[in-house]
Amino acid sequence: MAGDTTFHHGAPKTDAQPIVQMRDIEKHFGNIIALAGVSFDVLAGECHCLLGDNGAGKSTFIKTMSGVHKPTKGEIFLNGKPMDFSSPRDAMEAGIATVFQDLAMIPLMSVTRNFFMGREPTKGKWLFKRMDIDKANAATMEAMREMGIKLRSPDQAVGTLSGGERQTVAIARAVYFGAKVLILDEPTSALGVRQTSNVLATIDRVRKQGVGVVFITHNVRHAMAVGDRFTVLNRGKTLGTARRGDITGNELQDLMAGGQEMAALEGSLGGTV
Amino acid sequence: MAGDTTFHHGAPKTDAQPIVQMRDIEKHFGNIIALAGVSFDVLAGECHCLLGDNGAGKSTFIKTMSGVHKPTKGEIFLNGKPMDFSSPRDAMEAGIATVFQDLAMIPLMSVTRNFFMGREPTKGKWLFKRMDIDKANAATMEAMREMGIKLRSPDQAVGTLSGGERQTVAIARAVYFGAKVLILDEPTSALGVRQTSNVLATIDRVRKQGVGVVFITHNVRHAMAVGDRFTVLNRGKTLGTARRGDITGNELQDLMAGGQEMAALEGSLGGTV
Amino acid sequence: MADVSEAVQDERLKQEGFATKLMKRPELGALAGVVAVTIFFLFTASDTMFTLSGVMNFMTPAAQLGILAIGAAMLMIGGEFDLSIGSMVAFSGLIFGAFVVTFGMPLVIAIPATFAIAAALGALNGTIVLKTGLPSFIVTLAFLFILRGASLVGLKIATGGSTQLRGVRDAVENDFLTPVFSGDAFTGLFAWLAKQEMIDRFSSGMPKVPGIPVEILWFVAFALIATYVLLRTPQGNWIFASGGDENAASNSGVPVRRVKISLFVLTACCATLVAIITVIDAGSTDARRGFMKEFEAIIAAVIGGCLLTGGYGSAIGAFFGAIIFGMVTIGLTYTTIDQDWFQVFLGAMLLAAVLFNNFIRKRVTGER
Amino acid sequence: MADVSEAVQDERLKQEGFATKLMKRPELGALAGVVAVTIFFLFTASDTMFTLSGVMNFMTPAAQLGILAIGAAMLMIGGEFDLSIGSMVAFSGLIFGAFVVTFGMPLVIAIPATFAIAAALGALNGTIVLKTGLPSFIVTLAFLFILRGASLVGLKIATGGSTQLRGVRDAVENDFLTPVFSGDAFTGLFAWLAKQEMIDRFSSGMPKVPGIPVEILWFVAFALIATYVLLRTPQGNWIFASGGDENAASNSGVPVRRVKISLFVLTACCATLVAIITVIDAGSTDARRGFMKEFEAIIAAVIGGCLLTGGYGSAIGAFFGAIIFGMVTIGLTYTTIDQDWFQVFLGAMLLAAVLFNNFIRKRVTGER
Amino acid sequence: QQIIVVTHGQANDPFWSVVKNGVEEAAKNTGATVDYRAPETFDMVQMGQLIDAAVNQEPDGLVVSIPDADALGPSIERAVQAGIPVISMNSGSDVSKKLGALLHVGQDEFTAGKTAGEKLKEMGGKTALCVNQEVGNVSLDQRCAGFEEGFGGNVEVVPTSNDPTEVKSKVQAALEANQDVDTILGLGAATVGEPAVEAVQAVGRGDTVKVASFDLSAGFLKDVADGKAAFAIDQQQFLQGYLPVAFLALNAKYGLMPGGNVPSGPNLVTEDKASQVIELSSKGIR
Ligand SMILES: Nc1ncnc2c1ncn2[C@@H]1O[C@H](COP(=O)(O)OP(=O)(O)OP(=O)(O)O)[C@@H](O)[C@H]1O
Ligand SMILES: Nc1ncnc2c1ncn2[C@@H]1O[C@H](COP(=O)(O)OP(=O)(O)OP(=O)(O)O)[C@@H](O)[C@H]1O
Ligand SMILES: [Mg+2]
Ligand SMILES: [Mg+2]
């Protein structure tokens, strides 16, 4: 385990109180143990990267944070107060916006309807309170263009969008509504070059506005580019947390591969990942 | 369009006859034009990268190649003979194996059953011809381990796998059955560091065995690592094809962003994508 | 708004005719079926079918079915089924009849009380489905049996042994709310029209059609409201989302539980509305009211383009679906077809109507 | 194989009891429902219900329903519905009856011919569904009406005006194939057992149960074969795949069309088998045969754990589902419950059985 | 004493609910324990199984209706062989003896239909509708068939559901489509008879079209009393429930049994008698 010695456990006790703090989270699915005690926190204005091998438990972990799963054990604190989200809506109302890895989109519905799903803009009063479709359409097109995607029409069904277009809708949606904590689960996986740089720029921008960002990725360069702290999960446990500058890209890469030696690659491929 | 001049149109007329050749493919969905005339070919033993912005039409294009969509216009030749696939099964039988971007997995079914879906190994004869479950399970676990994923059990439902685990199943499946042409639509998007390098190594290996590989990715480094030729799509049209060595990573990156200027990024983010 | 017009000029879009745009709406697809059925009957049925009285005649059952079908459609769009609708018609009818006849309540109390009980049962249905995670098919199926049985038992108690409770018409005759739920609307207008000889009348001078049966007005109004809710309100968006993908909707902050329970309450209330209308109209209720209506309502919704898997469909589609179903069942009586063949034709015409609708839609939208 | 055992030792797996493993199988979940229903009747029903003759008595309808239910379950797993099963029972019964009585064919010709016609109709159903892309719900619904109507017309033609065709028993009495499709098996054994006073007998000395009704043997055999096909053959895998996600399955090379058409043929053949068994057993057929059986078959399949959305379920589940349904409907007559309350209890017991099954499964597997 | 009644009519069918009331009253008067059972739809296969279930309990008497002798025969014979006294009721008078039943209480559906047909013909009918709310239910089909024979004229069967609105619309449609129709026979008073009267009124042909119906319902009797309908055909099905149970109870107690079949109908209720029976009908006795 090459990483163990070079990986400095980050010292989180700083000035700021974390917005969200998770302590010893465990999550079991039937007889499968997905998380075996993970602690984690996010400060305001930082980008905390959550890294790790496939199946390490990253998605499961952020799902407990965003109210989708109830942890089997462990506590969640929001601004220091213990929280018990019973649904994602609760978490959302508490200021936690999430881009899930599976995007949480309805394929049969239009882009606009997906974009505003659950938080539709309305106009009119009383019985005549209705969705402001024009505004919603315009806002959707605008938000998508900011991310570098020019949609043909806001009425297109999400199911007919390309993989990257779909992912962009999910990201744009989370960012649009603003939040205290923004969780992004592999947001750039299906994105093109231009869209990816837009997303990274967006992370940087919202972080500067004081939002705490949790950023999951498999791309070390993306992590190094925007991350302030890095937590690595492995097989349901945390390998520790490092601050920016305490760790190099290569060390991080080794840790992300599960603390094991990298698979040996033919010469031409080395160092390309 | 910075790329136009630096992008050398690849000269395909070489010694080998292409395994698959596609000419002037168009594909319309109702009033939406997804492909507006794209030509493309794959030679035996080469890795031909298909690149382009989100929504450029890459997935649609390879779907016409693998028999999912019928092209609205255009011709497909297999070993020089015109082909007209009426289903993915036809394409498969003609030796075209595909990893789709949406993976083509059944969430409710077990890993093994997904792995062998449509091509189940059997034992016994006549009425007693049945699935060889033990063999299938063992083969699945083995193929997954080769890709760097240690499954808990081959009975786990695919719907409960992590994003990367799922993607690995799809890739392992396509590789396992062998083919003359292997199409990979963003195969590494959800993969961890170790799994990614395994996949790139696998591409390299099958290419050396004489298989033609079509590799779609948004990651320039991955493309440069294994690609022999690079074709860039933009808004349903091809921007041209370049051979390895005729083009640099940065040029390619610019082209992939749709031939437009890269979105300007804050200093700290430059060059990380 | 600038974006939208810009997008339309996108070079990756073909020009699209107005007809195409219209037909793409699931609401309007079902209209093709109505047209096809109408044309069929114009050629085969007795002329009287499309006189004013003939139209009212087939629209009345269509309206009653349609009120149920629109409720069922909304629930189906929300991803659930309610198989207890038909039994609920019988049960609500019993409750309402007992309130009015046995307890002599005025409508202004009896009707809200009936709705309240139905809504509570609908909510119970929904709560069981959501709490247990059982498919709504099986839960509401249980209620299909339970409510049907309860209606029988209740009727026997209320009447002292009979399965028919009578005297509703007499009990509500002078109630000011009665015209809202029964009889015909615009009778004055129709009488005037008859006087002007603008509509058919009997030799006595009375118009053949005394007015528009109120259920038709309820039906149309409900279809409009349901369409408005589905397409123009946040709640409508939530219904589509809940049915399209429950997890995704819930993860995006849609209050899926509340939406689904409301929909179960809605279908129960639709059944109650039909029950009240039919009970007052017929003056009686019996244990077989609403028999198989759940089934017909789902049929009408599916003819109208709802997907059984949820997340897709429309209220207007169910509106036309109910009209198709009503027209075919009643219309065949106007033809000279041997009535032994009734079911064969019913099946064939339903299939033909849906096929035609499907064919038109495919042609127009250019799906492959 | 080494991998599998290695995986079991994975530190990310909790130890899991044998009971847990068993209960996780959808096949066995439904067993809990059977147990619950049995316990209920042990306390409330007359003792005769669980004597040998009582068991045969409720197993016979369960078996007839079950044969349909297993077919329906396989089709549902494959992602489609067949609402025409019940009408198909009537139609096949008519065809078979006409072959045997009107045309005097021997069974060895009449039975294959009936199956061939049914299979063709099933294939027609399937082809229409696949060619048009319409939901199978609506297509087979059309066939529900068409076949029901055709049975009526056919019966009237075959009998010269009646809706009941009689005389089948006399016609097949001496056919060597009759014992395969009707009556009781192992009669010799049962007579001997009665003589030894090992089983109940009437005062006349006849065994109360003359043998095992053949439909029960068909039912068990079919359940075993269906389970084997679903779980152990490539075709079974294709069925799950086709129902789980048609596109994904087709993209992976599963011949989805062929699978689905075969399943439609299968359900039609199941209906025909039931038709032949009941027609020979009853000696007659009428236009109401199989009425609502499509519905009961789907109910049994859903009780047995099949998802309406497809891709999940089991034949053994449907097997137990049919037994639950048969036990409850017949069992209630062994209790002293008033017939008026029958439906209330039927509904409540179905719900209770499914709830119990669900509860047990959740407890055992630790789902949240 | 335990007596079991198995019929083909559901407990919520207006006709059969009266039978069931008769059964219950006999149970009360004789002190016997009586169970009434019926399949959930007109299902001969299931009805046979219900008879088998009853035989298994070895009751002191069994009452059955026999709409399909082929299908039910074996089960009834099994009961007789098991030594259970069997009385048939309602339908099956022709086969009752052959199958070993002690006697039959009731009225043949075909004959009743024929009687109605003859009466309506006598009243001047030429073209008739037979409105059948459950096509395929053999006992209802037989009513229509008997009617056709007795009526002699032109008879069209109109298949409908149980839904009064639909029945009314269909009858109205049939009346509009065929102006010659002068007679309507409904096969159930509450489900078909009442809406048929309404339909006739709605098309304004109350004076030319005669409506008659099988069975009784308070509403239809009122129509008869008001002259809107011609007559109702009463089988006095209360007797079909009451008598067999009473006979069997007495049989079990004292070994008594009448010597022959008891015809419970048909009995035409016309304008003059109708108002007397309304009260009883709304209590489920007639
Ligand atoms: N509902 C579930 N039931 C059973 N096992 C599950 C379930 N959800 C997740 N798991 C298992 O828990 C483990 C962690 O999954 P998770 O999705 O959190 O991984 P991840 O770190 O997000 O991986 P990736 O980078 O591939 O997305 C996986 O091995 C997965 O198989
Ligand atoms: N079935 C469809 N109906 C309508 N439009 C479609 C359909 N499928 C794809 N499209 C449109 O065609 C365009 C090309 O989509 P495609 O999936 O091929 O893009 P892609 O190049 O694979 O993008 P990505 O990199 O994001 O996966 C997109 O704009 C998409 O919206
Ligand atoms: Mg993940
Ligand atoms: Mg793509």
Side-chain angles (χ1 to χ4, degrees), chain C residues 79 81 83-84 87 128 132-153 155-157 163 287 292 295 298-299 302-303 305-310 321 328 338-355 357-359 362 367, chain D residues 79 81 83-84 87 128 132-157 163 287 292 295 298-299 302-303 305-310 328 338-355 357-359 362 367:
Chain C
F81 285 94
L83 297 182
S84 67
S87 302
I128 295 180
T132 60
L134 289 175
S136 55
F137 183 88
I138 203 80
V139 172
T140 56
L141 177 82
F143 277 86
L144 178 157
F145 291 120
I146 294 175
L147 292 177
R148 178 68 61 192
S151 310
L152 176 65
V153 175
L155 274 167
K156 285 205 156 180
I157 295 173
T163 59
M292 298 276 275
F295 205 51
I298 292 175
I299 293 169
V302 174
I303 294 177
C306 286
L307 288 188
L308 289 169
T309 42
V328 174
D338 181 353
Q339 292 297 314
D340 284 349
W341 289 87
F342 171 74
Q343 289 190 306
V344 177
F345 274 87
L346 175 63
M349 292 207 50
L350 287 183
L351 190 57
V354 180
L355 274 178
N357 158 4
N358 195 50
F359 170 77
K362 276 199 186 163
E367 273 174 39
Chain D
F81 285 94
L83 297 182
S84 67
S87 302
I128 296 180
T132 61
L134 289 175
S136 55
F137 182 89
I138 202 80
V139 172
T140 57
L141 176 82
F143 276 86
L144 179 158
F145 290 119
I146 294 175
L147 293 177
R148 179 68 61 191
S151 310
L152 181 70
V153 175
L155 275 168
K156 287 206 162 175
I157 295 172
T163 55
M292 298 277 276
F295 205 49
I298 292 175
I299 293 170
V302 174
I303 294 176
C306 286
L307 288 188
L308 288 169
T309 42
V328 173
D338 187 284
Q339 177 83 14
D340 288 351
W341 288 89
F342 174 80
Q343 290 193 309
V344 177
F345 275 88
L346 176 63
M349 293 207 50
L350 287 182
L351 190 57
V354 180
L355 274 179
N357 158 5
N358 197 49
F359 170 77
K362 277 199 186 161
E367 273 173 37

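A, B, ... follow the sequence lines: proteins, then strands. Residue 1 opens every chain.
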Exercise for the section: Please determine, among D:Asp338, D:Ile298, D:Thr163, D:Leu307, the option with the most heavy-atom pairs under 4.5 Å with chain C. Expected result: D:Ile298
Fill in the blank from the handout: Per-residue tally against chain C (heavy atom, under 4.5 Å) across D:Ile299, D:Thr309, D:Val139, D:Ile128 peaks at D:Ile299
Practice task
Evaluate the side chain to side chain contact (heavy atoms under 4.5 Å, CB included) criterion for residues D:Phe342 and C:Leu152: first the C-alpha distance (whole Å), next the side-chain angles of each, then the deciding distance (0.1 Å), finally the verdict.
Solution key: CA-CA 10 Å; D:Phe342 174 80; C:Leu152 176 65; over 6 Å; no
Problem - Interchain contact, C:Phe345 with chain D, by part (heavy-atom threshold 4.5 Å) - result: neither
Problem - Residue selection (most heavy-atom pairs with chain C, distance under 4.5 Å) from D:Gly149, D:Gly133, D:Ser87 - result: D:Gly149
Exercise for the section: Walk me through it: do D:Leu308 and C:Leu308 pass the test side chain to side chain contact (heavy atoms under 4.5 Å, CB included)? Expected result: CA-CA 9 Å; D:Leu308 288 169; C:Leu308 289 169; over 6 Å; no
Exercise for the section: Heavy-atom distances under 4.5 Å only: say whether C:Met349 touches chain D with side chain, backbone, both or neither. Expected result: neither
Problem - Non-hydrogen atoms of D:Gly347 and C:Ala142 that approach each other most closely - result: O-CB, 3.3 Å
Problem - Name of the residue among C:Val328, C:Leu351, C:Leu350, C:Val344 meeting side chain to side chain contact (heavy atoms under 4.5 Å, CB included) with D:Phe145 - result: C:Leu350
Practice task
Would you give the length of the straight line joining atom CZ of D:Phe295 to atom CG of C:Leu83, rounded to the nearest 0.5 angstrom?
Solution key: 5.0 Å
Handout entry: CG-CD1 distance between C:Leu141 and D:Ile303, expressed to the nearest 0.5 angstrom
Key = 7.5 Å
